[in-house]
Number of protein chains: 2
Amino acid sequence: MAVMAFASTTSLDRPPSHLRARDTDDRVNPVYEALVCGNCPARQSDLCGELKDPELQDLSRYSLRATFREGETVIWEGDPATHAGIVTRGCLRMTRTGADGRRQILGFLFSGDIVSLPATSHYTVSLEALANGELCRFERSRLEAALHKYPNLERGYRRTVATALEGAYGLAYSLGRKTAMERVATFLSDLRSGSCPKSPGGIMHLPMTRTDIADFLGLTVETVSRMFTKLKGAKVIRLPNAQEVEIVDPARLASLAESGNET
Amino acid sequence: MAVMAFASTTSLDRPPSHLRARDTDDRVNPVYEALVCGNCPARQSDLCGELKDPELQDLSRYSLRATFREGETVIWEGDPATHAGIVTRGCLRMTRTGADGRRQILGFLFSGDIVSLPATSHYTVSLEALANGELCRFERSRLEAALHKYPNLERGYRRTVATALEGAYGLAYSLGRKTAMERVATFLSDLRSGSCPKSPGGIMHLPMTRTDIADFLGLTVETVSRMFTKLKGAKVIRLPNAQEVEIVDPARLASLAESGNET
DNA sequence: CGCATCTTTGACCACAGTCAAAGAGCGTGG
DNA sequence: CCACGCTCTTTGACTGTGGTCAAAGATGCG
């Protein structure tokens, strides 16, 4: 699939074009796909959730599967927006990078989350893999045809984008009006109730680094680390190691997410 | 007669009345609406822009017009989300308010801007009028039916929401990663190229207060005021009075929006 | 084991927030 | 017509939260 180079904003701290080679493993396999959809993690998503089996089977004929590896950039800000898709496995970060390298992460995508089409002809965010995974993608015109053919799908897509908008508003509220402690508490609280996979013991594995969290919350690594330490000291969370968090006191965490200092 | 029946139906399932006295002036007038659409400011919008005249005429049968006055709250966060609509005149602010009164403005809506349906059954933001104006509204199920009937409309709606998402991402980037000066410069620069009405002399009338701007940019009134003063001192803008801004040096303003201190 | 990357901690600093007060603009009423 | 009160804006002095800089632990990998 043809992808052009875009010197401007994208190639700052991420390795450039050689990573995009993986894009080529898109493949179409009607029979296989139809079978796969049944137990696809995205089967429960807003997008596919309301589809009936025959609809899904028809739709799956147009789906393309692409695997990605940790560290790989799946979508580059500024590239022609040719596909939309669903994450079926793994985790990605959605980022926007300024000309001077400042970075804002706009969200983390887990299995079942959707990559929607931008309003413009080019992507306005990058998508970088935090863990190996897989995308179920649709070529733009195929998706648009399907949206028109299946009102269920169209409604689901609408809800999906509205949910994304809702998330962005929530993020804006955090960034604009919350303190560092509130932001970190909000982040952990949201992760807990979100699609981040949890182990049976209630321990969450964080696929993102402290730097990623900082870039998501509009803070610095140091501040994020200090807040983690503080939450650990207050016995609100446990940190078996840097990548694992156990939320010991969800109620207190939720309260900290709203007020910062205890109620 | 069918139209009249529809009119009474919608007034029945309209949200509880104590919050919104003004809503009562919704009215349906097929002939009048059809004529009005032709020179409606929203005719150029993403939503209505691609519609052909017959489609528009059909659609207009379901439109409800509601006027609003400065200071009035048109939509309350938490209310059942019964309508979507287009601003046809005036200006509104979209706000989210925390339990403790902290406020984040998520955007300003001018004529032609769309109020889309939320993913949930209830509105997640409030809409407050900054200037007298008018909304062209559609009852939820009517809009959904129309979206399915007219692919043009559906595509337009999709682009509209994607544009809103784009705007929210831009705001998040500002809030998370820009300095006070950059945010104010970005705000003014965006207003200039946006739908905020301008006088022939290139002077913009700001319908929002400094407090509103602060609540939009995640700053305080004092900081916003200081940045305005600084921009005036640097001859980047002129301030004939507090409500009017003339952008004297757009290029410099744009540069300040990205880097804060000169290039 | 050695190097690289990520995380944590500490000391210091600056940008924007807080608190306070004066100035500007505007509608209302005497 | 001006005085009054209200709201909004501006300016000043000071403070504090979170950023910056630096360095020491962890952790993981070849």
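Naming convention: chains lettered A, B, ... in sequence-line order (proteins, then strands); numbering from 1 in each chain.
For A/Met181 and D/dG19, the CE to P distance is 14 Å, given to the nearest whole Å. When rounded to the nearest whole Å, the span between CD of B/Glu222 and P of C/dA22 equals 16 Å. Between B/Leu231 atom CG and D/dT9 atom C1' there is a gap of 16 Å when expressed in whole angstrom units. Nucleotide C/dG17 holds its C1' atom 11 Å from the CZ atom of A/Arg177, rounded to whole Å. Whole-Å rounding puts the B/Lys230 NZ to D/dT10 P distance at 15 Å. When rounded to the nearest whole Å, the span between CG of B/Leu239 and C1' of D/dT9 equals 11 Å. The separation between A/Glu244 atom CD and D/dA26 atom P is 18 Å, rounded to whole Å. The CG-C1' distance, from B/Leu217 to C/dC15, rounds to 16 Å in whole Å.
For D/dG19, the OP1/OP2 oxygens have a side-chain nitrogen or oxygen of A/Thr223 closer than 4.0 Å.
Between the side chain of A/Arg183 and the base of D/dT17, no donor-acceptor pair of N or O atoms lies under 3.5 Å. Applying the 3.5 Å distance criterion, the base of C/dT18 shares a donor-acceptor pair with the side chain of B/Arg226.
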Please assess B/Glu258 against A/Arg102 for the test salt bridge (charged side-chain N to carboxylate O under 4.0 Å, His left out), listing each intermediate value before the final yes or no. CA-CA 10 Å; B/Glu258 298 304 320; A/Arg102 277 180 286 184; over 6 Å; no

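Taking the centre and axis of the six-membered ring of B/Phe228, the NZ or CZ atom of B/Arg210 falls inside the cone set by 45° and 6.0 Å.
Nucleic acid contact class of A/Thr229 (heavy atoms, under 4.0 Å, all strands): sugar-phosphate only.
For B/Thr223 and B/Thr220, the side-chain atoms include at least one donor-acceptor pair closer than 3.5 Å.
Side-chain N or O atoms of B/Ser199 include one that pairs as donor or acceptor with a backbone N or O of B/Ile203 at under 3.5 Å.
Both A/Gln243 and A/Ala180 sit near DNA chain D, but only A/Ala180 has its closest nucleotide nearer the 5' end.
For B/Arg210, taking side-chain heavy atoms from C-beta onward, the closest of the listed nucleotides C/dT7, C/dG17, D/dT10 is D/dT10.
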